[in-house]
Structure formats: C-alpha cells, structure tokens
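Written below as structure tokens is the structure these notes are about.
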Amino acid sequence: LRTGIDDIIRLISYAMVPTAALLLWSQLNAHEDWREAAAGTVAGVVAMVPEGLVLLTSMAFAAGVVRLGRRQALVQELPAVETLARVDVLCLDKTGTITEGDISLVGIEPVGAHTEAEVRAALVVLAGAEANPNATLRAVAAVVEATATEPPACSVVVPFSSARKWSGVTTAEGTTWLLGAPEVLTEDQTVADAAEAHAVEGRRVVLLARSSTTLGEDALPEDIEPAALVVLADKTRADAAETLAYFTAQGVTLKVISGDNPVTVAAVAREAGLPHADQAMDARDLPTDEAGLREALETHSVFGRVQPDQKRQMVRALQAAGHTVAMTGDGVNDVLALKDADMGIAMGSGSSASRAAAQLVLLDGSFATLPHVVAEGRRVINNIERVANLFLVKSTYSMLLALAVGVIHVPFPFLPRHLTLVGSLTIGIPSFFLALAPNDRLAVPGFVSRVLHFAVPAGALAALVTFTGYALARGPLDLSGDQSRTMATLILTGAGLVVLVRLAQPFSAWRAGLVLSMIGLFALVLLLPAGQEFFALELPPAEGWAVVAGLVFAFEAGWRLLRTRVAALRLDAD
C-alpha cells in the first residue's frame with residue numbers, strides 16, 4: 001500500500017507542475033483582477049492533490065494496531081498489519097505454535113545395565129549445569145530436582161545448541177553425560193526403534209548417554225554408551241486445528257519447520273489437521289543447491305531436524321520462488337529466519353532476540369490470533385483501495401478540468417469553497433468511515449493498476465460532463481458567473497455521489513445511511529440561505545436544473561458503458 005500510494009503521488013506530482021503553470025497562465029489571461037485569477041488557480045491546483053489519502057492510510061493502519069493490541073498482538077511495524085493478509089506461505093515452528101510449548105517429562109526408560117536412580121542423578125547434573133537451560137532441560141529439572149541432592153561440580157559444560165542437537169557435561173570425577181537427539185548420539189538400532197515408537201505417537205525423545213572421555217567444545221566423544229531414553233510430551237493447542245484449517249481454506253500453504261525428530265513433527269502436524277503431514281522430511285537430507293531446495297519445499301510440508309541456518313535458507317528459497325513468506329518462532333535460533341521473512345511472528349514467551357526481530361509479537365502466545373491479524377490486514381488493504389479510488393477520481397477530474405480551462409482560456413469553473421463542498425461530501429467525510437469499515441474480501445496484488453483503471457475513466461467522464469454543463473451555462477443558457485459555477489458544482493457533486501454509491505456497495509444499513517446523509521447535507525446547503533451564501537452558490541433556473549439532471553444521468557450511463565469496456569480490455573490483456 002505504501003509503495004503504491006507513493007507511486008500515485010509521484011505520478012500526480014509530475015503531472016501537476018506543468019498543469020498548474022498552464023492553469024495560472026490561462027487564469028491571468030481570463031481575468032482582469034489578479035485576485036480572481038489566483039482564486040481559480042488555487043482551486044484547481046489544490047483539488048489535484050489527494051491530500052487526505054496518506055492521512056487515512058495512516059489512520060487505518062493505526063486503528064488496526066489498536067484493534068490487534070486488544071487481542072494481545074503487538075504490532076512493531078505498521079506494514080505488518082498489511083503483510084500477513086498478503087502472505088501465501090506460512091512457516092510454523094511446532095513447539096509453542098501448534099503445541100502449547102509446555103513440555104513435560106512423561107517417562108524415563110533406562111537402557112542396558114543403567115538404573116533409574118543413576119539416570120536421575122545424571123539428569124540432575126545436566127539440569128543444574130546450564131545457566132540458561134532450554135525447555136527440555138527445564139521440563140527434566142521440574143521432575144528430577146524435586147528429590148535430588150546437591151549436584152556434583154562440573155569441570156566442562158557444553159550448553160545445548162540447535163546446530164549440534166545435544167548438550168553435555170563432564171563432572172569433576174571425569175564422567176561425561178550427554179543429552180540430545182538419539183540419532184545424533186548413537187547408531188544403536190535398538191535405541192532408534194524405541195525412539196521411533198514414541199515419535200510416532202507425537203512425543204519428543206532425547207537420549208541420555210555416558211562417556212568416560214572429557215568433552216571438547218563441539219566434538220562428540222567416541223566411547224558413547226546409551227543410558228536412557230527421556231520421553232517428553234507437549235500438548236497440541238485446542239485451537240490449532242481450526243487455525244490451520246482457516247489458513248488452508250484461504251489458500252495459504254503451511255510448512256511446519258522444527259528441530260525435532262521428523263516423525264514426531266509429522267505426528268503432531270497430523271493431529272492438528274495439517275494437509276500432507278505424512279510427507280515429513282529430515283532436513284539433514286535437504287539439497288544444498290537452491291533449485292533442489294525449492295523443489296523439496298514445494299513437495300513437502302513437514303520438516304524435522306532443521307538447523308537455524310537451514311530455516312533462513314528455506315525462507316529465502318520460498319521468496320525466490322515468488323512467495324510472500326511469514327515465519328513464526330520463539331528462540332534465538334529463529335532470529336535469522338524471522339528477519340529474512342516478509343513477516344516475522346514471535347511468541348510473547350519466546351526469547352527477547354526473537355521478539356526484537358519480529359514485526360508481530362503474539363503476547364499471549366496464541367496461534368489463534370493470526371486469523372484476526374489477517375482479517376485486520378484485509379480491512380486495511382481493501383478499504384484503502386476503496387478510498388484511494390475516491391481520491392484519485394478527484395485528482396483526475398481536477399487535472400483534466402485545469403487542462404481544458406488552460407487550453408480554452410476561460411475562468412476556472414469553481415471557487416476553492418466549491419471544491420471544498422464537493423470534496424467533503426463525496427470524498428472526505430465518506431472516506432473516513434469507509435476506511436475503518438469491516439471488510440474481509442481477499443487481498444490481491446495490483447493495487448495501483450486497479451485504482452487507475454477505476455479512477456481515470458470515472459474522473460475523465462466527470463470532467464467531461466462538468467465542463468459541458470459549464471460551457472452550456474456560459475453559452476446557450478447565458479447564465480451569470482455565479483450561476484455557471486453553481487451548475488458546475490451541482491454536476492460534479494452529482495457525479496461524485498454516483499461514484500460514492502458504487503464504492504459503498506454492497507449496501508448495508510450504515511453504508512446506505514452514509515450515502516443518504518451526504519445527499520441530505522448537500523440538499524441542506526442548497527436550501528438554506530446561509531449555506532448558499534457561505535459557499536457562494538446561486539441556484540440556476542429550471543432549464544439549468546434540467547441540464548444538471550441530464551448530465552448526471554449521462555455520467556452514470558457513460559461510466560457504466562466505459563467500465564464494461566475497460567474490464568473487457570483488462571481481461572484481454574491478462
């Protein structure tokens with residue numbers, strides 16, 4: 001929207017400079033008094049500027065921010081209100097998005113000769129060693145530390161890393177304990193089969209392993225001995241299925257990207273109703289070239305064991321394929337992908353880095369808020385397009401009238417106050433209400449093109465019928481200057497109200513009331529002597545009214561025919 005409006009204003013600015021110069025020169029030649037020439041020039045130039053469009057756009061965005069704030073969605077950049085409504089690929093993290101993010105320990109299964117007491121003691125060491133434990137260690141600590149004694153001191157601590165998929169400690173006695181993805185720590189098939197059985201049920205499984213080798217910075221010891229499977233669970237959000245179904249119905253492609261086991265991720269996605277959830281892919285098997293990565297992203301919806309740099313690569317590959325991508329995340333490892341996505345969405349319970357990088361923060365962590373963000377974006381996009389049509393119609397007819405007056409060398413048909421009256425009743429007041437009205441129509445690209453296809457024919461026809469009426473008033477009808485300008489004001493207001501009726505459709509009670517109110521206000525100005533005096537209106541005789549009615553009807557009929565032709569031409573071009 002911002003880019004489109006900038007383009008429109010730039011186009012008007014380029015056209016306005018020579019038009020204004022021509023208008024000033026013609027008015028100086030048409031009037032003996034320079035004050036009258038200045039008044040006509042000012043009326044023509046000011047009317048060319050869509051001065052309320054930028055203000056209303058900002059207001060619509062600001063109103064959207066306030067509405068979303070009431071739903072616990074913090075918009076950190078105004079364009080975010082619009083962006084999610086244009087997104088066609090939504091990349092989701094599993095934990096905290098589809099699931100509640102409240103990981104709990106549901107079982108400890110010792111392997112081999114290791115006892116549960118020994119395993120619990122090792123878990124106490126691991127849980128107490130890290131200053132900033134991840135969600136898995138916090139869930140373990142919540143259970144095992146309740147009955148634990150003081151954990152022994154550690155000589156080496158290697159914190160968890162999404163790239164390594166494991167964490168570890170070496171105690172002062174020289175024993176090393178590791179906790180991480182089973183397939184990373186061991187190739188034992190018995191362990192793999194047991195972990196797979198839990199993963200199919202949607203549970204997260206990490207392996208506790210032992211070694212007698214002191215840990216290095218990133219390298220795993222060679223003498224790793226499996227000690228226990230630690231089984232964790234995370235409940236699927238009650239509203240996840242409904243939210244995913246909403247986005248699917250809106251034509252948004254969903255991709256679940258997680259660091260967990262692909263089988264676990266697929267099971268959770270399947271429970272939430274994600275289409276094609278069975279086609280899970282291990283990110284370690286993803287192609288490294290962009291073409292291959294793009295093909296994998298097009299054919300799969302669920303990805304597990306994804307590393308942070310891969311998330312960023314996946315976002316970029318989707319964007320290179322022409323998609324508008326939104327990314328959800330809550331951890332430090334999601335920051336790069338959040339920054340590169342067209343829209344980054346962070347959870348309020350996530351890391352401060354992810355919240356700072358995102359354009360939208362879900363303060364209560366509710367994934368179900370996103371459909372409301374989409375609805376708000378649609379409201380802004382569609383309503384701004386609606387009011388932009390009104391403003392551009394005015395700019396078009398004002399510029400064409402100025403050009404006609406400049407070429408023919410006649411007085412400009414309006415005083416500034418006349419155009420204030422026309423603009424207020426057909427554009428200014430209605431656009432304020434239309435910009436904030438409910439609107440859930442799908443957002444589609446081509447904002448500038450559609451506005452120009454609507455506004456230019458309507459504005460050109462409005463200028464034609466208005467100048468025709470003005471010429472008839474000054475010529476065959478031989479009316480005074482005030483009556484001629486009043487006739488032009490009547491015709492232009494009538495044409496503007498016809499456009500307003502079209503743009504206010506489909507009618508509801510309040511939209512019909514808005515249009516009728518504008519018609520009533522205009523009638524009130526015409527009927528009250530104070531209104532006629534303030535706006536410098538002198539009502540024409542009966543034949544003048546007949547010309548006004550005929551030209552407004554001609555505008556309606558001509559515009560209907562013209563719009564049909566323009567629509568046919570656009571269809572042929574497409």
Next item on the list: Have a look at Glu376 and tell me which of Arg67, Arg70, Arg71 forms a salt bridge (Lys or Arg N to Asp or Glu O under 4.0 Å) with it.
Entry: Arg67
Note to self: Walk me through whether Ile12 and Val49 qualify under side chain to side chain contact (heavy atoms under 4.5 Å, CB included).
What the structure shows: CA-CA 7 Å; Ile12 291 173; Val49 182; 5.8 Å; no
Item checked: Closest non-hydrogen atom pair, Asp342 against Thr83 -> O-CG2, 3.6 Å
Next item on the list: Kindly give the heavy-atom pair with the smallest separation between Asp334 and Gly329, and that separation in Å.
Entry: OD2-CA, 3.3 Å
Notebook entry, point to check: Is Arg485 salt-bridged to Asp482, cutoff N-O under 4.0 Å?
Noted result: yes
Next item on the list: Any chance you could measure Met314, atom CE, to Met327, atom CE, to the nearest 0.5 Å?
Entry: 8.0 Å
Note to self: Within the 3.5 Å criterion, strictly below it, is a donor on Gln250 or Arg378 matched to an acceptor on the partner's side chain?
What the structure shows: yes
Checklist line | Reported OG1-to-NZ distance for the pair Thr328 and Lys255, which is rounded to 0.5 angstrom | finding: 14.5 Å
Notebook entry, point to check: Under 3.5 Å, side chain of Arg474 to main-chain N/O of Leu479, donor-acceptor pair present?
Noted result: no
Checklist line | Minimum heavy-atom distance between Ala73 and Leu360, given as atom pair plus value | finding: CB-CD1, 4.1 Å
Margin query: Testing the basics here: between Val387 and Ser431, what is the closest heavy-atom pair and its distance to 0.1 Å?
Written below: CG1-O, 3.5 Å
Check: Can Ser395 and Ser398 be counted as having a side-chain donor-acceptor contact under 3.5 angstrom?
Finding: no
Check: Is Glu290 salt-bridged to Arg294, cutoff N-O under 4.0 Å?
Finding: yes
Notebook entry, point to check: More than 12 non-hydrogen atoms from neighbouring residues, nucleotides or ligands closer than 6.0 Å to CZ on Arg2, yes or no?
Noted result: no
Notebook entry, point to check: Would you say Phe507 has more than 12 foreign heavy atoms packed within less than 6.0 Å of its CZ?
Noted result: yes
Check: Between Leu297 and Ala317, which heavy-atom pair has the shortest distance, and what is it?
Finding: CD1-CB, 3.8 Å
Note to self: Other residues, nucleotides and ligands only: do more than 12 of their heavy atoms fall within 6.0 Å of CD on Glu77?
What the structure shows: yes
Notebook entry, point to check: Do Arg441 and Asn382 meet the criterion of a side-chain donor-acceptor pair at a distance under 3.5 Å?
Noted result: yes
Next item on the list: To the nearest 0.5 Å, tell me how far Ile345 CD1 sits from Asp93 CG.
Entry: 12.0 Å
Note to self: Is it the case that over 12 heavy atoms from other parts of the model lie below 6.0 angstrom from the CZ atom of Phe432?
What the structure shows: no
Next item on the list: Test Asp340 against every option in Gln319, Arg316, Gln313 by the side chain to side chain donor-acceptor pair (under 3.5 Å) rule and name the one that passes.
Entry: Arg316
Margin query: Working to the nearest 0.5 angstrom, can you tell me the gap between Met347 CE and Ser366 OG?
Written below: 8.5 Å
Note to self: Would you compute the distance between atom CZ of Phe522 and atom OG1 of Thr489 and round it to the nearest 0.5 angstrom?
What the structure shows: 7.0 Å
Check: In Å and rounded to the nearest 0.5 Å, what is the CE to CG distance from Met48 to Leu401?
Finding: 9.0 Å
Next item on the list: Kindly check if the number of other-residue, nucleotide or ligand heavy atoms within 6.0 Å of CZ (Arg502) is above 12?
Entry: yes
Next item on the list: Would you name the heavy atoms of Ala462 and Ala495 that are closest together and state the gap between them?
Entry: CB-CB, 4.2 Å
